[in-house]
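Residue numbering restarts at 1 for every chain, and letters A, B, ... go by the order of the sequence lines.
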Amino acid sequence: MGEKTDVWQGTLALMALRTLESMGPLHGYGLARRIEQISGDRLQLNYGTLYPALLKLEQEGFIRSSWGLSDNNRRAKYYELTRAGEHQVKKAAAEWEQTTAILARFLTSAEEA
Amino acid sequence: MRKLRAFWIRLLGLIGTRRNDDDFAAELESHVALHTDDGIRAGLSPEEARRQALICLGGAEQTRQAYRERRGLPWLESLFRDFGYALRTLGKHRGATAAAILSIGLGIGANATIFSMVSRFLLRPAPMGDPTTLLALQTTHEGDECCNNFSFPVYTDIRDQATSFSGVAAYFEMIPASIGGSGEPERVFGQAVTSNFFQVTELPMVLGRGFVNGEESAPEVVLGAGLWQRRFNADREIAGKTVTISGHTFTVIGVVTPAFHSVEQILGTEFWVPLGSVAQLAPILPSQGSREDHWLAVVGRLKPGVTRAQAAAELNTLAQRFAVANPKTDQGNRFSFDQAGTMPPHERSGIVLFLGALMVVVLLVLAIAGANVANLLFAQAASRQRDMAVRLALGATRAGLQRQMLTESLLLGLGGGVLGVVLSLWATRTLSALHLPIPVPVDLRIDLDWRVLLFAFALSAFSGLLVGVAPSWAAARPKLANALKGEDALAHPGRRISLRNFLVVAQVAMSVVLLSITGLFLRSMQSAANIDIGFRSKGLLMMSVDPRVHGYDAPRTIAFLTQLQQRVAALPGVLSAVTTDNAPLSNTTRSDDFHVTGVADKDKQNINTELFMVTPGYFETMGIPSISGRDFGGETATGPKTAVVNRAFAERVFSGSNPIGQHVADGGTTYEIIGVVGNVKARSLGEETRPILYRSLQQSVANDPSFLGYTLVVHTSGNPAAIAQAVRGQIHALDPAMAIYNEETMEEHVRAAYFLPHLAATLFGAFGFIGLVLAAVGLYGVMSYAVSRRTREIGIRMAMGAQPGTVERLILSQGLMLTLIAVILGWPAAWMVSRLASSFLYGIQPHDVITFSIVPAFLTAVALVACWIPARRAASIDPMRALRTE
């Protein structure tokens, strides 16, 4: 299974938004599990940090929440993307891709040198 | 954008915290439940599954805390908490809080009141477009201190040639007139303006419009908002209607904004007519063609992008060009300017000095009040040291405690600020109601505008923080070990001069300065009350009319006044009735240079002399003693001119030799002196006795009519006010349209003349009293505190055999030592500051011996009383009980 990595500063919000975009409405626990699964269980997510991050996204208007019932009939708060959130995913993803691309060039050129 | 939205939501998050907490608790519970379900499904026992779920969550309480901080604004919440705590603490110490708020409130109230004068007279821009580009121009002449108005040709030259201005307008500053409308005719003052005046000044209009090009002499008038409301019931349809001004018909074309009374914001003028129609309204106007008659005020609007320096340079060039073109008249003339709407330069320096002195005094009051509150806070800090120590021991930070204490003093400051604003609201209203002893209308109302409110707010917040700095610093740093044991934790053994002693010395020293200034003004008022005005003030009624503005020529005016005198003199209870052009002590008189005729030019001595017109019997009516010669009587308008002079004139001009029968002349007229009378104060109370020449009213109306109308003076045997109605009746019997103004008894008139010494004495007296009370309370507080701190020591002393008298002297001498140091420090400061006040004092020197010897003695006496009470308490300490107290 290899070493687990902590979540980098600032990336959790994007992961959460992207996951909500692809999976539709999710509750907090489900979202946390999805993020771990998508990372191939390589990410060590501290579940407690997810909720302040979700609150921040909600305050910024990218997601909204409502109470609902889970598959096994438990009450849970579901989060879903807003229109502004959909925009934000595209914008943040593009920015992130650009950042990683630039960083990748540094790394490869360093190897070549 | 998103950040702002998040901020608002977080701000709102502060409200309804409880419900949100429950909501999040439910969410966390559901999270754990879901996780536990998964664990059970994976084969764990329910207990183990729940344990794993909680571990993964990373601590429920930390999560909750992180969530809470994200939801609200932590710094704001702690600020609220501080404020809430501060309010509760202040509420617990009601007495101290009330004393502190009252102290600061008095200080802020005094400051806000004086600052509202500063704001009104020095800071408020006139409501004329962009005030920074509107300049008031003056001419200056080489060697003259200040400035003069413009002649018409010089104005037109500047208007046509100066390129720095988009427009230059001129106006004649004051036209007395009588205006019709509803009710009795009323006397008002107006201005005559060039047709571009309203375009240049960009005055906002309530309705209608100002003059435009081509209306140079149109029979049209713009009304002031006050006049429009008062006499025309704020008629919205007034534009196009006609009004009668001094018997001439004008069509109203507009009403100007209520904020506007005059360009320089002092005169209370109420209508504006085109300059071309001024000849109908003003008596004898300077000639429009002369370059030497300076009768027009001028304002210019700078073109966009032109700086004042450029405008000044251009005006300089123009002045030189004019001097070359008109060497006879324009040689040595220059132009200067100020921003329009500011105080005219020759009045400004006096006002700035007066307001500056007042500002110093009220800041002293505030400083004394602040020192008081700081001392109070020190005492509180001492009583709270245990509380502070416990909180420190439990992990509170010193910075946190200090912030907490500062919040309290800030609240005290702001509370004082609110009280101060309320107090100054009352004070400014009282001051606005004062009546100035001059016969022209002025608008001197002051109110609390936004500048004053901002100033009061800033000052109260600042003083609140300032008084709290030292006490909060001390309170947040108690000696922990001592404090927890219940011993004194703020005392620093070995330090003799505590900050509190320093504060009280500063406070008393400031009171010495304050009380000395107060003393000077009280003495000044006392000496003003002893000034011999030279005429009677009892039993005289005055009433003014201006027949000229009703279309009367000179013979008709004289006939009217003569008939009126005869009719009024016949009224029951009237001893005599006379007429003058101007009552003494009105701050305005005509004056001219006089010399003895028939003297060679090189010996000719020009004496500047006050001029009054009077009718026969004036001196007897006014109670001015005759010294030699005779009164007027039998003069004819065309006969040789006669004059009566006062003693000062006789002494100055004839230095002892008999003036009767001699001839004196001003520019063009020669008078034969027929009598000498006693001196009177001509313009104001404070003046040095000036030479006066009385001339016959009958002989002067024709060629030198009074600009301010004529005043009937009635001498009655009873109460002069009681006869006013009958006198008015006689005036209206002669001419029902005649406007009557300045109706007052001589006593009222003289009282108004005491306006300045009275105002100064009232203001400074009030401030001095406040300062004295505050300083005495401060001294008392410090001494009481010292006694309470030394209870045990005193107990030991008494147990060892000290007599109550000795203890009393011990405490008293300590208090007196502080007072003495303060007096020694404050006295020289007061000595220096008193020079500032010198120009406002009547008949006493700024270094008045009585003031400077009584004030320290008086203050020491007050200090003695303030210390005596705690000293008595110290002496009555029961040694047994004192030793038992911990």
Distance-only donor-acceptor pairs under 3.5 Å for side chains of residues 83-92 of chain B, two or more places apart:
{"unit_1": "B:Tyr85", "atom_1": "OH", "unit_2": "B:Arg391", "atom_2": "NH1", "d": "3.1"}
{"unit_1": "B:Thr89", "atom_1": "OG1", "unit_2": "B:Tyr85", "atom_2": "O", "d": "2.7"}

Given that the side chain runs from C-beta out, which part of A:Arg75 has a heavy atom under 4.5 Å from chain B: side chain, backbone, both or neither?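 For A:Arg75, the backbone is the part near chain B, not the side chain.
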
Pairwise side-chain hydrogen bond (donor to acceptor under 3.5 Å, both in side chains) hits with a residue in residues 463-473 of chain B, at least two apart: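 Non-adjacent pairs meeting side-chain hydrogen bond (donor to acceptor under 3.5 Å, both in side chains): zero.
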
Contacts with chain A made by residues 27-37 of chain B (heavy-atom distance under 4.5 Å), listed by residue number: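 Residues in range: B:Glu27, B:Leu28, B:Ser30, B:His31, B:Ala33, B:Leu34, B:His35, B:Asp37.
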
Indicate yes or no for a side-chain donor-acceptor contact from A:Ser70 to the backbone of A:Arg74 under 3.5 Å, with no hydrogens or angles considered.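 Such a contact is found between A:Ser70 side chain and A:Arg74 backbone.
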
Do B:Ser409 side-chain atoms and B:Gly464 backbone N/O form a donor-acceptor pair below 3.5 Å?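 Yes; judged by distance alone, with no hydrogens or angles, the pair exists.
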
Who pairs with B:Asp449 by salt bridge (charged side-chain N to carboxylate O under 4.0 Å, His left out), at least two apart in sequence or on another chain?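 Partners of B:Asp449 by the salt bridge (charged side-chain N to carboxylate O under 4.0 Å, His left out) criterion, ordered by chain and then number, come out as B:Arg451.
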
Only one of A:Glu60, A:Glu58, A:Gln59 forms a side chain to side chain donor-acceptor pair (under 3.5 Å) with A:Lys56, so which one is it?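 Between A:Lys56 and the candidates, side chain to side chain donor-acceptor pair (under 3.5 Å) is satisfied uniquely by A:Glu60.
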
So, are B:Glu47 and B:Arg50 salt-bridged, with charged N and O less than 4.0 Å apart?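 So B:Glu47 does not pair with B:Arg50 through a salt bridge.
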
Tell me, for B:Ala53 versus chain A, whether the close heavy atoms (under 4.5 Å) come from the side chain, the backbone, both or neither.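 Neither part, no heavy atoms under 4.5 Å.
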
